[in-house]
Protein chains: 2
Amino acid sequence: MPRMTAEERRESVIRAAMSEFARGGYHGTSTEAIARRVGVSQPYLFRLFPGKQAIFLAAANRCLEETRLLFEEACKDATSPDEANRMMAEAYLVDTDPEQLLFQMQIYVAVASAEAAGDHEFGRTIRESWLEFWDSVHLSLGADQEETTEFWAYGMLINTLLSLGFPADHRVWAGFHTTKPL
Amino acid sequence: MPRMTAEERRESVIRAAMSEFARGGYHGTSTEAIARRVGVSQPYLFRLFPGKQAIFLAAANRCLEETRLLFEEACKDATSPDEANRMMAEAYLVDTDPEQLLFQMQIYVAVASAEAAGDHEFGRTIRESWLEFWDSVHLSLGADQEETTEFWAYGMLINTLLSLGFPADHRVWAGFHTTKPL
DNA sequence: CGAGTAAGTTAGTGGCTACTCACTAACGAG
DNA sequence: CTCGTTAGTGAGTAGCCACTAACTTACTCG
């Protein structure tokens, strides 16, 4: 069993948590499952993070940040807003791990649940990360508010269809005027 | 304590389940919470339904059906696809209980979780209900696949922004070219 | 009235889960 | 070598959860 620094372990935990939370969501994922995937004892997680929610939060921020960076990378050579749009859309459908898209959905509902339970701090943090993401996309697309909204709208529909488990050749995917999904 | 027929009770359970599951999702909601809201003992739920998942499924199907009927009602007097679009969009933002939109999100991620856990029957049932919904909207809008897709895309973005808890006057809502949300 | 039936409860159980405490093993510096 | 620090574990605990079994209460109809 290789020894790691606490920081490296935290990194492993975040990766594992992203996968596990993507599948089960916040309440449907046990810290046990995350620890098993990391290859570490379950109580040790609580020395690396103050609690389960902190693990989820770290994973969520990482997920939003990574997708944002993917977009920024994808459209960096675009010469027009329209081309940026196409490049980012393709990156979303082709280069993004489906797990990350499912995890996005889990993040969104986790915020709603936390909010309903009276925890507003959690949502505040996620919204902040998410707005950075939104603004980054907005900037990449040029300055049109409505177009950015449309871009996000299609993105959220993709997440939903994926979450519902419709295969790539199903007719619900036929109405996209951009690239077909994987 | 008024006595009801089993069928009436099942109805109450479905209403209560829709509210509770909307807040907590499948794993974050206890049957205890549902029973408390109904005003009935928790074990009695298992005489009305075979299990927790059956309750969720009944509530989910009801949610999708009700939103579908709301749309059909909203656009029944429309004279053009464009007018139908506007009427349905407004109905979604104004007349739909936000709880129902949150519950929709919970349904979507619940399917993903069930699928990941090896339960494909659950998703199959939900997808069936959801396709009826999709087709109903498609029919109301006229025969254009791409326009239906766009309509759904905006709907899913609305669900997401609501789930994330952005207030109605936040700038992320500004890019919608239809009615402003409540 | 009385007896069957359907609505509803109380008490309980086994299993899981987040989190704690006390401990051990490896590494690095002097 | 040794001693302090840091990575990591094993054993537990209190609480919650879905679900069961056995019982009680109310309505209904002959």
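In this text the structure is predicted, and so the values were computed from the model without any measurement.
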Is there a donor-acceptor contact under 3.5 Å linking the side chains of [X] and [Y]?
X        : Y        : answer
B:Thr29  : B:Glu20  : no
A:Tyr154 : A:Asn159 : no
B:Thr79  : B:Glu83  : yes

Quick one: which of [options] gets closest to the side chain of [X]?
X       : options               : value
B:Tyr44 : D:dA21, C:dA7, D:dG8  : C:dA7
B:Ser41 : C:dG8, D:dG8, C:dT9   : C:dT9
B:Arg3  : D:dA7, D:dT25, D:dG10 : D:dT25

Quiz item: Below 4.5 Å, heavy atoms only, C-beta onward: do B:Glu65 and B:Phe133 meet side chain to side chain?
Solution: no
Quiz item: Hey, can you pull the residues of residues 45-57 of chain A with a non-hydrogen atom under 4.0 angstrom from DNA chain C?
Solution: A:Phe46, A:Arg47, A:Gly51, A:Lys52
Self-check item: Nucleic acid contacts - residues 27-37 of chain A versus DNA chain C, non-hydrogen atoms under 4.0 Å
Solution: A:Thr29, A:Ser30, A:Thr31
Quiz item: How are the rings of B:Phe21 and B:Phe103 set relative to one another: parallel (under 30°), tilted (30 to 60°) or perpendicular (over 60°)?
Solution: parallel
Practice problem: Measure up the A:Tyr108 and A:Trp130 rings against each other and bin them: parallel (under 30°), tilted (30 to 60°), perpendicular (over 60°). | Solution: perpendicular
Self-check item: Step-by-step side chain to side chain contact (heavy atoms under 4.5 Å, CB included) determination, B:Arg9 to B:Val38
Solution: CA-CA 8 Å; B:Arg9 275 295 186 212; B:Val38 176; 4.2 Å; yes
Quiz item: What closest approach, in Å, do A:Ala91 and A:Ala74 show between heavy atoms, and which atom pair accounts for it?
Solution: CB-CB, 3.5 Å
Practice problem: Any chance you could lay out the salt bridge (Lys or Arg N to Asp or Glu O under 4.0 Å) test for B:Arg171 and A:Asp135, step after step, and finish with the verdict? | Solution: CA-CA 11 Å; B:Arg171 62 189 165 91; A:Asp135 288 337; 2.8 Å; yes
Could you give the [atom1]-to-[atom2] distance, from [X] to [N], as a whole number of Å?
X       : N      : atom1 : atom2 : value
B:Gln42 : D:dA21 : CD    : P     : 15 Å
B:Met4  : C:dT9  : CE    : C1'   : 16 Å
B:Arg9  : D:dC27 : CZ    : P     : 13 Å

Quiz prompt | Presence of salt bridge, B:Glu72 and B:Lys76, under 4.0 angstrom | solution = no
Quiz item: In degrees rounded to 10°, what angle is found between the helical axes fit to the five outermost pairs at each end of the helix from C:dC1-D:dG30 to C:dG30-D:dC1?
Solution: 0°
Practice problem: Report the C-alpha separation of A:His170 and B:Arg127 in whole Å, then their side-chain angles, then the decisive distance to 0.1 Å, and conclude whether the side chain to side chain contact (heavy atoms under 4.5 Å, CB included) test is met. | Solution: CA-CA 11 Å; A:His170 195 280; B:Arg127 277 191 293 274; over 6 Å; no
